[in-house]
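Data block below; observations after.
Below, all heavy atoms of this structure are taken into account, side chains as well, without hydrogens, waters or symmetry copies. Chain A is the first sequence line, chain B the second, and so forth, proteins listed ahead of strands; every chain is numbered from 1.
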Amino acid sequence: MALNIQFTQFTLDNGLRVIVHEDHRIPIVAVNIWYGVGSKNERPGKTGFAHLFEHMMFQGSAHIAADLHFKLIQSVGGTLNGSTFFDRTNYFETLPSHYLEMGLWLEADRMGWFLPALDQKKLDNQLEVVKNERRQHMDNMPYGLWLEKLLGLSYAVDYPYHWPVIGYMEDLETISMEEVRRFFKTYYCPNNASLVVAGDFDPETIRGLIEKYFAEIEPGEPLPAFNKPFADYNRGEKRTLVKDHVQLPRLYMGYHIPGLGTKQAYTADLITDILSSGKSARLYQSLIHRQQIAQDAQAILLPLKETSLLILMLTPRPGISVEKAEQALQEEIELLISEPMAEEELQRVKNQIESRKLRELETMSARADYLNMYNMYFNKPQLINTEIDRYKAISRDEVRQVAAEYLQSKNRAVVTFLPTKP
Amino acid sequence: MPANIDRSRIPPAGAPRTFNFPQFTRFESTNGLKVLVTGEDQLPLVNATLCFPGSALLDPAGKEGTAYLTAELLTEGTTKRSSVDIAAELEYLGAHYASHCDWNALYLEMNVISRHLDRAMEVFADMALYASFPQDEFERVRDEILVERMRSVDNPGKVASERFTNLLYGDHRYGLPIEGTEPSLKKITRDDVRRYSDRYLRAGNAVLILVGDITEQKARDIVEAGFSRWKTGSAPEVGSAAFDQPQKTSVALVHKPGSAQAELRIGHLGIERDNPDYYAVTLLNEILGGYFLSRINMNLREKHGFTYGAHSVFSYRPGRGPFFISAAVHTENTVQAIQETLQEIRKIRTEKVREEELENARGQLIGVFPIAFETAEQVALGLANIVLSRLPDDYYQTFRNRINAITADDILRVAAKYLDPDRMLIVVTTDAGQVEKDLGREFEVRVFDTRGKRLR
């Protein structure tokens with residue numbers, strides 16, 4: 001069943017790209033903005049900046065008092081948030097549709113008039129909030145440092161995926177007001193952003209409404225294309241041991257895969273489904289169900305634009321050594337390379353992907369976010385409907401080829417967690 | 001280029017379009033299976049949820065975790081399909097399926113593309129009616145749950161929540177984790193699971209909820225084809241229990257060495273779901289800690305930076321569910337975060353909430369309606385709530401008017417009635433070394449290890 005999410009695109013004179021997707025099933029509207037900036041735009045010693053900045057974007061702007069952003073949206077039943085990733089930062093709200101204009105006004109104000117409202121006190125407060133966010137999600141979470149450790153091992157110290165999005169605790173302290181200002185001026189300009197409005201709006205007036213609030217925002221200096229090609233595929237295995245307050249060891253392995261959007265990345269993504277999508281998947285069937293050596297096992301593709309990582313995670317059952325568990329996992333990897341998979345298995349995985357993509361697009365908020373992702377990463381919002389064909393076109397041979405080329409021990413970093421002695 | 005606009009003025013709202021919770025139909029099969037169905041003009045997906053009320057409250061004494069284990073095993077084999085067959089068949093159709101339980105019910109659920117609905121529902125009904133609980137699957141799944149119990153001490157939030165409910169509910173079933181404990185799980189046999197299933201997983205105690213790309217006639221056909229031979233059984237009685245509030249405000253400090261933060265749970269018993277003050281309490285909670293703008297979040301996060309976020313909840317289940325505030329705070333701010341929280345509770349029960357706060361919270365609860373029921377899964381959850389909480393069918397039609405009727409005086413009254421800062425159970429999970437003394441200056445403190453053993 002081909003998806004058919006209809007949309008219209010236009011670009012304002014200041015460079016702001018806009019996509020509108022109309023759907024009147026429910027009286028709600030999603031407003032979603034992606035800025036082309038993430039933690040990869042930071043540098044060593046200043047990590048965590050993009051994410052801390054995202055927090056500041058909820059602290060008011062010239063015409064909007066500090067607590068008003070949340071207040072205006074939540075008090076009419078809207079939902080809102082923002083998130084920072086390696087390659088982008090997004091801001092989004094879903095509103096009862098008659099509040100669309102207010103949503104556009106709020107987003108435009110912080111895009112165009114953010115700096116006058118900035119003050120040191122707000123920055124100090126959000127710095128403490130972010131430090132607690134880091135403690136809650138990483139430092140005080142079992143195995144919580146896994147991604148930080150894996151990225152640190154996988155990429156050279158000056159490669160922009162080396163550090164975690166939330167940043168290192170010691171770097172967060174060093175962020176100054178002047179740097180916040182410069183960061184905003186560099187990256188938070190209409191020509192580095194993409195706006196999606198999805199849902200219940202009047203198609204006759206939507207363009208005028210968007211122009212009313214966004215057109216007068218001054219464009220920033222053109223940004224050079226981000227260019228940090230990654231060349232370190234298959235350059236040798238890296239390993240580290242980490243002690244943590246946990247009962248069971250755990251293994252994380254990250255394999256270098258070309259960047260999101262490449263044929264290899266689509267194939268690698270499909271390989272993660274072969275390995276761990278549902279209970280028919282290989283890691284579950286073999287390691288958890290049949291051999292019963294793993295308590296849990298999972299494969300994911302970390303979707304990074306410049307170069308991505310296929311990550312395998314496994315927790316051995318008590319009494320199973322981490323070496324034995326790794327050996328069993330290794331056998332599954334080698335099976336992908338040595339044995340052609342059954343056509344039926346490939347078809348099942350494609351069916352699972354197709355249904356999942358459909359489920360993911362049930363909400364207006366998700367549609368808006370995906371349209372922005374395809375627009376910002378590939379300049380092809382139509383991928384929302386057609387991306388499934390990229391998966392469907394993958395053959396059994398291609399699965400083997402990608403596995404053979406990239407799932408080599410010399411192409412990976414391995415982080416092994418071991419329990420601290422009580 | 002548009003004319004200059006006055007950006008200091010909030011753009012006025014347009015004309016609202018009405019939204020209502022979808023109309024649904026009920027019917028009952030001759031064997032007593034209740035069915036709720038609502039078709040929606042949206043994506044070609046169908047959500048099926050089968051609920052069995054009672055759940056872990058029906059666990060045999062000493063064998064806590066039986067319902068949980070039964071739920072986990074529903075997908076692991078039937079008289080004619082192995083767990084491998086079930087996975088292969090359903091996942092080839094792209095279906096997502098799972099089973100689980102909470103304090104209200106045991107659930108079997110599935111989401112599938114509508115063109116595969118018949119084939120998927122055949123497997124779904126097979127799991128519901130003919131789960132066979134094979135011995136090897138029973139042992140594997142029980143072992144997995146035992147491992148989860150063993151490692152539950154890794155997670156500071158889970159440790160704090162478990163200690164909180166254990167101290168609050170004592171010997172009642174609610175005092176132990178829903179998945180049971182190591183000793184109770186070890187006592188459960190395959191026969192216990194079969195007995196549980198034979199008694200409680202029956203048509204007369206089941207509600208099937210179908211939402212999405214489906215008609216009422218299609219739902220009737222599915223029920224006739226898959227569920228008509230199901231034994232009736234009967235709805236079990238879940239006895240009622242009376243609980244006591246904590247005697248006085250005190251701290252249970254759970255010593256978790258090496259903690260990078262402190263997990264807080266502060267609260268006591270809440271109210272029963274059929275309490276007529278439900279709507280006033282819902283608004284009270286919203287203002288106190290229910291959403292980002294709430295007093296406790298604005299205080300602990302936005303004013304003090306003690307935490308990434310703080311929330312409060314009145315949780316509902318048969319009998320009296322708990323009321324609690326949860327937050328993960330920087331350990332050095334533990335005492336102050338507790339004091340600020342208690343202060344907010346004292347304030348809300350002695351001073352009327354401001355009209356603006358009331359309107360904001362009311363606006364959120366009423367306005368969020370269309371966003372809260374956007375997907376088939378959300379609608380299915382809404383219907384399950386009607387069934388499991390025994391609400392009238394027009395519950396979602398009248399909800400907004402009832403919330404609109406609540407006044408600041410109502411909130412003051414229910415705050416004074418249902419919140420008691422002098423009888424709060426405070427659980428702190430962190431490295432005791434850092435805060436034990438500080439807490440001891442303000443509160444009576446008991447210290448536990450992460451497995452619940454009293455240390456001092």
Side-chain angles (χ1 to χ4, degrees), chain A residues 1 25-28 63 67 70-72 74-79 94 96-102 105 109 113 125 127-129 131-133 135-136 139-140 142 200 211-212 215-216 245-248 278-280 285 289 292 295 317-318 347-348 351-352 354-355 358-359 361-364 420, chain B residues 1-2 5 7-8 10-11 13-17 19 41-45 83-84 87-88 91-96 111-113 140 144 147 150-151 153-156 257-261 291-293 301-302 305-308 328-330 359-360 363-364 366-371 374-376:
Chain A
M1 96 249 62
R25 191 171 57 85
I26 289 181
I28 62 174
H63 308 97
D67 58 347
F70 263 93
K71 202 169 273 182
L72 288 175
Q74 289 203 316
S75 67
V76 300
T79 58
T94 305
S97 46
H98 56 297
Y99 287 101
L100 167 63
E101 190 166 347
M102 184 181 81
W105 168 73
D109 212 61
W113 294 271
N125 168 260
L127 175 64
E128 290 308 310
V129 171
K131 281 155 71 178
N132 275 310
E133 182 179 0
R135 290 183 191 113
Q136 187 175 344
D139 304 316
N140 205 38
D200 177 40
E211 285 176 344
K212 176 176 171 186
E216 69 172 298
H245 298 280
V246 290
Q247 308 304 303
L248 294 174
K279 286 186 167 175
S280 54
Q285 282 293 320
H289 193 263
Q292 301 186 17
Q295 178 70 4
R317 278 278 190 100
Q347 190 57 51
R348 185 195 73 230
N351 292 349
Q352 286 176 288
E354 191 171 11
S355 301
L358 194 58
R359 271 179 219 122
L361 294 173
E362 234 183 321
T363 66
M364 281 308 128
T420 48
Chain B
M1 191 60 82
I5 52 171
R7 290 185 185 267
S8 61
I10 303 169
R17 263 183 61 202
F19 169 85
D41 171 29
Q42 49 178 351
L43 293 172
L45 293 167
S83 65
V84 179
E91 289 176 357
Y92 191 84
L93 302 175
H96 175 80
N111 184 289
V112 65
I113 293 179
R140 176 182 61 81
E144 284 174 10
V147 175
M150 184 268 281
R151 66 200 291 213
V153 296
D154 288 354
N155 185 327
S259 295
Q261 215 173 20
Y291 69 147
F292 190 89
L293 299 179
R301 173 181 156 130
E302 295 294 292
F306 292 160
T307 179
Y308 179 52
V329 304
H330 191 24
E359 290 316 314
N360 287 343
Q364 167 69 19
I366 290 174
V368 81
F369 240 60
I371 298 168
E374 190 182 3
T375 69

Task: Check: A:Arg317 and B:Glu144 side chains under 4.5 Å, non-hydrogen atoms - done: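 They are in contact (side-chain heavy atoms under 4.5 Å apart), so the answer is yes.
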
- [ ] Please examine the side chains of B:Glu91 and A:Lys279, heavy atoms only from C-beta on, and report whether any two atoms are closer than 4.5 Å.
- [x] yes

Open item on the list: Checking A:His63 now: which residues fulfil side-chain contact (heavy atoms from CB on, under 4.5 Å) with it, not counting sequence neighbours?
Closed with: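 side-chain contact (heavy atoms from CB on, under 4.5 Å) list for A:His63, sorted by chain: A:Asp109, A:Trp113, B:Arg7, B:Ser8.
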
Answer with side chain, backbone, both or neither: which region of [X] has an atom nearer than 4.5 Å to a non-hydrogen atom of chain B?
| X | answer |
| --- | --- |
| A:Leu72 | side chain |
| A:Ser97 | neither |
| A:Arg359 | both |
| A:Gln292 | side chain |
| A:Val76 | backbone |

State, to 0.1 Å, how close [X] and [Y] come at their nearest heavy-atom pair, and which atoms those are.
| X | Y | value |
| --- | --- | --- |
| A:Asn125 | B:Glu302 | ND2-O, 3.0 Å |
| A:Gln295 | B:Arg151 | CG-NH1, 3.4 Å |
| A:Pro142 | B:Pro156 | CD-CD, 4.2 Å |
| A:Asn351 | B:Tyr92 | ND2-O, 2.7 Å |
| A:Gly77 | B:Ile371 | O-CD1, 3.5 Å |
| A:Phe70 | B:Leu293 | CB-CD2, 3.7 Å |

[X] side chain to [Y] backbone, donor-acceptor under 3.5 Å:
| X | Y | value |
| --- | --- | --- |
| B:Asn360 | A:Ser75 | no |
| B:Glu374 | A:Met364 | yes |
| A:Asn132 | B:Phe306 | yes |
| A:Asn140 | B:Ala260 | yes |
| A:Glu362 | B:Thr375 | no |

Task: Partner chain A: residue of B:Asn155, B:Val329, B:Val112, B:Asn111 with the largest heavy-atom pair count (under 4.5 Å) - done: B:Asn111

Is it the side chain or the backbone of [X] that comes within 4.5 Å of chain A heavy atoms, both, or neither?
| X | value |
| --- | --- |
| B:Ala13 | both |
| B:Phe369 | neither |
| B:Ala95 | backbone |
| B:Leu45 | side chain |

Distance check, rounded to the nearest 0.5 Å: [X] atom [atom1] versus [Y] atom [atom2]?
| X | Y | atom1 | atom2 | value |
| --- | --- | --- | --- | --- |
| B:Gln261 | A:Glu133 | CD | CD | 10.5 Å |
| B:Phe19 | A:Arg25 | CZ | CZ | 8.5 Å |
| A:Thr79 | B:Tyr291 | OG1 | OH | 14.0 Å |

Select, from [options], the one with the greatest count of heavy-atom pairs under 4.5 Å involving chain B.
| options | value |
| --- | --- |
| A:Glu128, A:His289, A:Glu101, A:Met102 | A:His289 |
| A:Asp139, A:Leu361, A:Asp200, A:Leu100 | A:Asp200 |
| A:Gln347, A:His245, A:Lys131, A:Gln285 | A:His245 |

Open item on the list: Is it true that, when you exclude B:His96 itself, more than 12 heavy atoms of the residues, nucleotides or ligands shown sit nearer than 6.0 Å to its NE2?
Closed with: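 Counting other residues, nucleotides and ligands, NE2 of B:His96 stays at 12 neighbours or fewer.
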
